[in-house]
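Notes to accompany the following structure.
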Amino acid sequence: MNQLLQDNYGIRPQTVELMKQAEAELTACFLRFSEKASFNQAKVLAAFHREGVSERHLLGTTGYGYDDVGRDALDRIYAEVMGAEAALVRQQFVSGTHALSACFFGLLRPGDTLLFVTGTPYDTLEEVAGLRLGAEDSGSLADWGVKAKVVALREDGTPDYELISAALDDSVKVVAMQRSKGYAWRNSISVEELGKLIQFVKEKKPSAICMVDNCYGEFVEEKEPTEVGADIIAGSLIKNPGGGLAPTGGYVAGKKDLVEKIACRLTSPGIGAEVGATLDVNRLFYQGLFLAPHTVLQSLKAAALAAKMLELSGFEVSPRSEDARTDIIQAIKLGDAEKVCAFCRGIQKGSPVDSNVTPEPWDMPGYESPVIMAAGTFISGASIEISADAPIRPPYAVYLQGGLTYESAKIALLCAIDGIL
């Protein structure tokens with residue numbers, strides 16, 4: 001194996017030995033991941049059985065998509081799996097940002113306030129909310145008379161309950177929480193922590209709609225935020241719940257009346273969730289959801305392996321290799337732009353698609369800083385497949401996620417880590 005890796009990728013034997021040492025130290029950690037995957041697989045399979053999924057559900061519709069039994073059944077399955085009253089699973093959501101944006105515009109009205117209580121949101125949402133200079137006249141929430149406010153996290157990365165309490169004035173209608181760390185150097189927020197935060201908000205302001213950006217978090221823990229009090233959650237199908245098979249799309253899940261308002265934003269008032277042709281994606285959406293707990297397991301193992309190898313090499317990582325996890329993101333502080341680029345190029349080199357491409361930083365739409373992205377993926381931009389990206393700004397951290405199979409992810413990691421060592 002060492003010779004094969006050296007001949008094909010130029011990986012040095014000492015890097016392979018580093019990987020073997022890391023794996024040996026992660027046995028108990030991998031077992032914990034497997035136990036959660038088994039639980040989530042049983043949960044998904046039980047929902048399939050209760051819905052009576054059959055061949056007819058896997059077929060698609062055209063045109064308006066009226067009476068699409070597969071689409072409607074999948075909505076119910078997602079609702080059950082997420083512990084929600086209703087769900088909206090659609091290929092018409094072009095990204096996680098689009099699904100979240102539909103939630104904001106569906107639930108907020110002029111004069112309302114959107115309050116982010118887990119710090120500044122992910123870069124692409126700043127423009128949606130009108131938080132970034134240059135977002136004027138782009139159709140942002142600010143253009144529609146909706147104010148957005150941000151409560152910073154404490155220095156230790158935890159919610160600042162005192163500041164949140166002070167910010168919950170009469171105008172606040174939606175309280176937004178981000179489960180993953182995004183491009184911040186902090187811990188992601190666990191479902192248990194989200195539950196405590198939601199309870200606090202509800203005690204202070206019962207009418208507030210608590211919304212969670214669930215991207216990168218699905219099936220990492222045994223519960224989802226809707227099972228601990230979140231009114232609405234949203235995410236992308238080319239991340240965790242699509243299982244690496246969904247070619248596009250997003251989902252929303254939560255309280256029935258709120259999901260219907262969001263559906264009316266996605267389509268139009270009076271039509272809501274009744275339309276939306278599925279064409280030929282139903283089979284992929286169903287099979288992707290079925291595979292999602294297993295695929296997330298592969299991603300978690302890859303993330304922990306990367307963390308352990310880099311810990312052993314003296315780098316700072318978040319979370320640490322054997323920490324409890326609530327999403328699939330592994331942050332690695334590399335210290336300078338050159339190492340960030342080298343790591344991303346190594347991931348690209350070890351990917352199954354476009355392995356000959358050399359990633360370069362560029363001014364990606366929706367991002368504040370130049371971003372480098374490695375994604376040699378079967379589905380363009382699918383971060384449940386092995387990928388790595390980073391804003392080119394201090395502290396020069398790279399964010400790794402995904403891995404359709406642990407075995408293939410290991411090769412990409414060897415290329416990346418050998419490149420920076």
Side-chain angles (χ1 to χ4, degrees), residues 75 78-79 82-88 96-97 99-122 125-126 128-131 140-154 158-179 189-215 217 223-235 251-266 269-270 272-273:
D75 284 349
Y78 260 77
M82 299 294 172
E85 293 177 4
L88 184 70
T97 298
L100 292 159
S101 178
C103 293
F104 294 147
F105 282 97
L107 301 177
L108 291 156
R109 301 292 182 265
D112 290 339
T113 295
L114 166 62
L115 181 65
F116 292 98
V117 294
T118 52
T120 303
Y122 189 69
L125 286 179
E126 288 186 68
V128 173
L131 291 170
S140 70
L141 289 171
D143 288 346
W144 292 98
V146 174
K147 185 185 296 183
K149 297 193 297 185
V150 175
V151 177
L153 293 168
R154 296 180 184 273
T158 59
D160 191 322
Y161 287 87
E162 186 176 342
L163 290 181
I164 292 168
S165 179
L168 284 169
D169 60 33
D170 291 341
S171 69
V172 172
K173 186 174 183 181
V174 173
V175 176
M177 306 166 193
Q178 185 171 291
R179 183 172 176 180
I189 300 176
S190 70
V191 172
E192 181 182 5
E193 290 170 315
L194 286 169
K196 292 177 182 176
L197 181 54
I198 291 165
Q199 183 180 3
F200 176 82
V201 170
K202 291 291 188 180
E203 287 173 354
K204 296 293 180 181
K205 187 167 186 181
S207 64
I209 298 169
C210 289
M211 174 184 157
V212 175
D213 175 352
N214 208 30
C215 287
K223 287 185 176 181
E224 300 298 333
T226 27
E227 297 176 84
V228 295
D231 297 305
I232 205 80
I233 62 174
Y251 77 92
V252 169
K255 291 186 175 177
K256 187 175 181 180
D257 61 327
L258 302 182
V259 172
E260 181 58 28
K261 287 180 179 180
I262 295 161
C264 288
R265 172 66 191 190
L266 177 64

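From a predicted model like this one, the values you see are computed outputs, not experimental measurements. When reading the values below, keep in mind they use all heavy atoms of this one structure, side chains included, and skip hydrogens, waters and symmetry mates.
- Across every non-hydrogen atom of C215 and G96, the tightest pair is SG-CA, 4.3 Å.
- Summarising the local packing, NZ of K204 is surrounded by 12 or fewer heavy atoms from other residues, nucleotides or ligands at distances under 6.0 Å.
- When side chains are defined from C-beta on, Y78 does not count as touching L88, because their heavy atoms never get closer than 4.5 Å.
- In this structure, G111 and S171 approach most closely via the heavy-atom pair O-CB, 4.0 Å.
- Among all heavy-atom pairs drawn from V151 and A167, the shortest one is CG2-CB, 3.9 Å.
- By the 4.5 Å heavy-atom criterion applied to side chains, I233 and V252 are not counted as neighbours.
- With contacts defined as side-chain heavy-atom distances shorter than 4.5 Å, the pair V175/I209 does not qualify.
- The shortest side-chain heavy-atom distance between M177 and V201 falls under the 4.5 Å cut-off.
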Report the C-alpha separation of R265 and E260 in whole Å, then their side-chain angles, then the decisive distance to 0.1 Å, and conclude whether the salt bridge (Lys or Arg N to Asp or Glu O under 4.0 Å) test is met. CA-CA 9 Å; R265 172 66 191 190; E260 181 58 28; over 6 Å; no
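- A side-chain donor-acceptor contact under 3.5 Å links E193 and S190.
- Under the ring pair (Phe, Tyr, Trp, His ring centres under 6.0 Å) criterion, F200 pairs with Y161, not counting sequence neighbours.
- Scored by the salt bridge (Lys or Arg N to Asp or Glu O under 4.0 Å) test, E227 finds K43 as partners (sequence neighbours excluded).
- The side-chain hydrogen bond (donor to acceptor under 3.5 Å, both in side chains) search around Q178 returns none, not counting sequence neighbours.
- With contacts defined as side-chain heavy-atom distances shorter than 4.5 Å, the pair S140/V128 does not qualify.
- The side-chain heavy atoms of L194 and R179, taken from C-beta on, include a pair separated by under 4.5 Å.
- Residues passing the salt bridge (Lys or Arg N to Asp or Glu O under 4.0 Å) test with D169, sequence neighbours excluded: K149.
- Residues satisfying the side-chain hydrogen bond (donor to acceptor under 3.5 Å, both in side chains) criterion with D231, sequence neighbours excluded, are K202, K255.
- The two atoms that bring G119 and V150 nearest to each other are C-CG1, 3.5 Å, heavy atoms only.
- We find the CG-CD1 distance between D257 and I232 to be 8.5 Å, quoted to the nearest 0.5 Å.
- The shortest distance between side-chain heavy atoms of D213 and L125 falls below 4.5 Å.
- For the residue pair A99 and Y251, the shortest heavy atom distance occurs at CB-O, 4.0 Å.
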Residues L108, W144; criterion side chain to side chain contact (heavy atoms under 4.5 Å, CB included); working and verdict: CA-CA 10 Å; L108 291 156; W144 292 98; over 6 Å; no
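- Summarising the geometry of I198 relative to G229, their closest heavy-atom pair is CG2-O, 3.5 Å, with the distance given to 0.1 Å.
- Here the side chains of V174 and L115 are not in contact, with every heavy-atom distance at 4.5 Å or above.
- A distance of 10.5 Å separates CD in E85 from OG1 in T226, rounded to the nearest 0.5 Å.
- Using a distance-only test at 3.5 Å, with no hydrogens or angles considered, a donor-acceptor pair links the side chain of D160 to the main chain of L163.
- Side-chain atoms of K205 come within 3.5 Å of backbone atoms of D170 as a donor-acceptor pair (strictly under, hydrogens ignored).
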Chi angles and distances behind the side chain to side chain contact (heavy atoms under 4.5 Å, CB included) call for N214, E224: CA-CA 8 Å; N214 208 30; E224 300 298 333; 3.1 Å; yes
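- Applying side-chain contact (heavy atoms from CB on, under 4.5 Å) to F104 and the options I262, L114, V146 leaves one that passes, L114.
- Legend: salt bridge (Lys or Arg N to Asp or Glu O under 4.0 Å) pairs involving residues 106-119, not counting sequence neighbours, sorted by first then second residue: D112-K173.
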